[in-house]
**Q** 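I am attaching a structure below and will ask some questions about it afterwards.
Only this structure's heavy atoms are used, side chains among them; waters, hydrogens and symmetry mates stay out. Just so you know, ligand 1 is whichever comes first in the structure, and atom 1 is the first atom listed for that ligand.
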Amino acid sequence: MHFTVVVSPGAYRDIHVAANAEKEINWWDENDMRATVCTECYAATQLERYIKSHLGGTVSLQTPEKFSWGEGYTVLLGNNVTNPVIRTLEEEAGECFSANDQVKEEGFRLCGFEVEGAPCVILSGHDRVGTLYAAYGFLERLGLRFISPGEAGTCYHQAYDLSGETEFDSIENPDFTSRAVVSAYVLDTSVELVEWMSHARVNLGHIMITDKHHWIKKLGIRLAGGGHSIYYRFMETTHEYPYRHAIFGGEGKPEDPYPVSPLYLGDRDGDGILTYGDAHPEWYAEVDGERRMKRDLKAFVENSNGAGDNICTSNPYAREELCKLLIQDLIDGEWRHLDYLDVWALDNGVWCGCEECRKSGNLSYRLLMLTYQIDQEIKKATLEGRIKRKIRLGTLAYHETLPAPDRPLPDDFDYSNIFVTFFTIERCYLHHIDDPTCTECNRPLYDLYLPWTGGGHYKGQMFIGEYFNVSSFAAMPFVLSDKILHDMPFYYNTGTRHFHYMHITARDWGMIGINNYLYTRLMWNIRRDGEELMKEYFDLRYGELAEKMRDLYAHMETAGANCKIMKHYQFFDGKVTRTSGLFSKEGIEMFPTTHMKFDYRANSPMAGPSLVESVKLYKQCKEEFDAICREANAQGDLAYRLNEDKIRLYYGVEMLDFIEALVRFRFAQRYNPDLAPLAFEKVMAFGEVMQKENWGLTGYETNRTNLLTHLEATWLQNCYIRLLKTYHPENMDKNIRQAADLIL
Ligand SMILES: [Zn+2]
Ligand SMILES: [Zn+2]
């Protein structure tokens with residue numbers, strides 16, 4: 001079949017030039033209309049690319065001026081404003097075939113009909129992103145799905161090919177407003193991942209950006225940033241005070257807009273520079289009666305770890321200065337490309353205990369009010385023409401700010417622009433988030449979530465931050481389809497319209513690709529039938545092996561049900577219980593929760609598989625998988641996908657073997673010390689291999705130091721090194737010894 005795709009290149013020379021013109025366009029000025037031209041032309045080139053590569057068709061791109069009706073499939077891209085062919089067609093028919101009033105922001109309409117016996121389709125949105133999604137929607141009608149990044153993740157299946165139907169009219173609108181991908185571990189240079197994000201209709205990305213801002217915006221993805229770093233980036237205690245101070249002076253600096261502090265400290269370190277902390281100690285948290293200003297710049301610079309003492313949020317001058325610096329940065333600083341700013345306090349930071357602060361509401365209220373003020377300042381800067389784009393703000397319910405605000409927010413609090421992210425980091429994945437039987441863990445979290453969703457002082461929409469691949473999961477093969485299919489509708493039905501999880505990896509997803517597929521599909525359409533979605537995923541990814549692989553995934557989901565305990569932490573009696581921490585110390589109870597015991601299930605409806613059982617089940621999955629592969633003798637893309645799966649599963653089994661060996665060693669140490677050295681031999685057998693391996697971690701791209709080898713990915717390396725030093729100092733090779741010197 002030949003396809004003629006008609007799209008307007010605007011003032012550009014031709015369609016391909018327009019599709020690649022992103023660098024010339026100011027995507028942060030909503031009046032730059034070239035953005036629409038560029039994305040629409042890019043949509044046309046996407047059709048060209050995939051129809052040729054995966055559907056065996058031929059494609060020509062045509063401008064409206066040169067277009068004439070002819071043979072083959074005609075594809076009209078754009079709407080009656082951007083594409084004159086669509087406009088003429090509608091005027092002649094006296095009817096609208098393109099995006100109408102039922103099409104919402106980023107939504108689209110696919111309208112197919114015949115013109116003199118030849119098929120024609122109009123792919124349209126009101127906005128450029130909607131039109132781009134319409135192009136993806138049309139590719140889906142032709143039987144294509146973007147299951148995971150890259151060629152091998154782009155799948156065609158005849159059962160989903162509707163190209164025979166030429167008359168259809170469908171409208172799709174997104175259910176979640178913010179459909180986000182978040183990762184502290186991937187770079188924007190992962191072209192295939194970012195393309196997949198666009199295909200999955202992800203419209204918000206918080207990944208590590210190098211220089212591809214323009215390209216990402218072209219693909220319909222807004223940029224998110226901010227977070228725990230705000231107090232380090234702006235008005236940090238050690239930053240130079242930028243004003244001419246009445247006592248200290250400051251030749252050439254602007255006049256000091258703030259009154260001299262009664263707590264003025266002067267140049268404490270005598271380096272001739274007055275810092276913010278020297279000038280205004282009262283702008284920072286009072287801790288135990290003292291303006292302590294405790295910060296760890298080194299940890300912030302090296303690990304982006306924003307911890308320490310927060311600012312004094314009840315001090316109006318502190319807030320004013322913070323807003324001023326932040327707004328300027330959003331205009332022409334490092335964050336000039338951000339469309340979504342996370343306003344968070346420091347990570348596990350210490351809050352101000354001054355009298356004013358203590359009177360000014362609970363911590364959530366204080367943070368919301370700071371966010372409110374920043375929003376007001378952004379609005380002011382927008383009116384003044386200093387900011388030309390929409391900047392949405394997020395703040396968070398996380399750890400100390402999990403409880404909802406304890407007093408009413410201002411009447412003009414802009415709920416259409418400020419959202420609260422509720423982070424479920426303390427949850428378990430053994431139970432659904434709203435499962436009342438999970439009294440140890442999800443129930444307390446659920447009780448904290450509900451007051452945010454109605455009846456309380458916060459009246460807006462919620463953003464949910466999930467943890468399908470939390471840092472310490474390190475791309476373990478944890479299949480979470482049952483939880484995702486249940487929990488996401490629950491979140492939606494309780495008013496959540498924004499969603500992400502931490503942390504997506506760049507490639508080689510293997511089985512965890514299903515988590516990514518399901519959550520992105522549901523963000524777009526929460527009413528999608530779970531069974532249908534699952535069938536689609538397995539049909540497309542595995543073809544004839546679909547049923548067998550689906551069984552395998554189900555077995556893996558059971559095996560990994562206690563993944564949070566095995567590889568992260570969860571709530572236990574209202575406190576965070578970091579289980580990897582329990583495995584790393586001598587002589588403490590390692591399995592305090594009912595969720596998971598070492599080698600038996602507790603007699604409780606809350607109990608899940610024990611550690612021993614989980615490891616055994618994963619090993620059975622490995623055998624099951626090997627048998628499937630032997631029998632299938634797959635070739636081409638399917639072989640590639642199975643190899644991805646193999647990496648994921650083998651990596652997982654190795655990791656769990658290590659953990660089980662370590663736990664057995666701990667038991668020996670405690671109850672049978674004579675056997676401890678022998679038990680450690682087993683741990684070391686795994687550790688020696690894992691310290692040299694990284695094939696399970698290829699999806700991690702940034703050089704954050706804690707995920708370079710499988711041993712590091714255990715999150716137990718320091719403990720391992722300490723034990724190695726005790727039992728086998730001669731086995732500490734040069735590299736590992738260096739690391740040991742640092743931590744011991
Ligand atoms: Zn205070
Ligand atoms: Zn639970």
Side-chain angles (χ1 to χ4, degrees), residues 231 235 237 261-263 276-277 280-294 308-322 345-346 349-367 369-370 373 400 424-449 466-468 470 478 480 482-484 486-487 490 557-558 560-577 579 591-597 601-602 604-611 614:
Y231 295 162
M235 214 173 78
T237 58
S261 165
L263 302 179
Y276 273 102
H280 290 287
E282 77 284 9
W283 289 2
Y284 303 93
E286 183 184 305
V287 185
D288 301 329
E290 187 199 347
R291 302 285 173 168
R292 204 170 59 166
M293 298 184 266
K294 190 175 159 199
D309 293 350
N310 287 315
I311 65 167
C312 174
T313 51
S314 67
N315 187 301
Y317 298 126
R319 295 197 309 266
E320 185 183 329
E321 180 67 7
L322 182 78
L346 297 176
V350 181
W351 286 75
C352 184
C354 80
E355 205 186 333
E356 267 315 298
C357 279
R358 275 184 281 128
K359 285 191 301 196
S360 67
N362 68 359
L363 302 182
S364 302
Y365 179 79
R366 295 188 215 171
L367 189 57
M369 287 306 290
L370 180 65
Q373 186 167 347
E400 77 276 15
T424 61
I425 195 162
E426 295 92 349
R427 73 166 298 173
C428 81
Y429 285 116
L430 176 60
H431 302 105
H432 297 139
I433 192 71
D434 59 339
D435 186 338
T437 60
C438 183
T439 52
E440 267 181 354
C441 184
N442 289 353
R443 188 68 206 196
L445 211 52
Y446 169 89
D447 288 341
L448 287 163
Y449 168 70
E466 268 285 354
Y467 290 90
F468 306 150
V470 66
F478 296 139
L480 300 170
D482 167 65
K483 303 303 166 301
I484 293 170
H486 174 92
D487 292 353
F490 164 76
E557 183 149 12
T558 306
N562 263 323
C563 53
K564 282 300 287 304
I565 296 199
M566 292 191 284
K567 213 55 190 69
H568 187 241
Y569 61 71
Q570 66 186 46
F571 255 159
F572 170 59
D573 285 351
K575 285 196 293 272
V576 165
T577 303
T579 22
F591 296 90
T593 71
T594 307
H595 278 67
M596 182 181 237
K597 297 296 179 191
R601 275 185 196 238
S604 156
M606 216 184 337
S610 70
L611 179 66
S614 301

**Q** Taking the Zn ion (ligand 1) as the vertex, measure the angle between atom SG in Cys312 and atom SG in Cys352; round to 10°.
**A** 110°
**Q** What is the name of the N/O/S atom of His431 that is nearest to the Zn ion (ligand 2)?
**A** ND1
**Q** Output, in order, the C-alpha distance, side-chain angles, deciding distance and verdict of side-chain hydrogen bond (donor to acceptor under 3.5 Å, both in side chains) for Ser364 and Asn362.
**A** CA-CA 6 Å; Ser364 302; Asn362 68 359; 4.6 Å; no
**Q** Any idea which N/O/S atom from His595 gets closest to the Zn ion (ligand 2)?
**A** NE2
**Q** Are the charged groups of Glu355 and Arg358 less than 4.0 angstrom apart, N to O?
**A**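 Looking at Glu355 and Arg358, the cut-off is not met.
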**Q** Show your reasoning for whether side-chain contact (heavy atoms from CB on, under 4.5 Å) applies to Asp487 and Ile433.
**A** CA-CA 6 Å; Asp487 292 353; Ile433 192 71; 3.6 Å; yes
**Q** Does one side chain, of Glu321 or Trp283, offer a donor that lies under 3.5 Å from an acceptor on the other?
**A**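 Side-chain D/A pair, Glu321 to Trp283: absent.
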**Q** As an exercise, state the distance from CH2 of Trp351 to CG of Leu346, rounded to the nearest 0.5 Å.
**A**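 Reported value, rounded in 0.5 Å steps: 9.0 Å.
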**Q** Hey, what's the angle at the Zn ion (ligand 2) spanning SG (Cys438) and SG (Cys428), nearest 10 degrees?
**A** 120°
**Q** So what does the Cys354 SG - the Zn ion (ligand 1) - Cys357 SG angle come to, to 10°?
**A**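 It comes to 110°.
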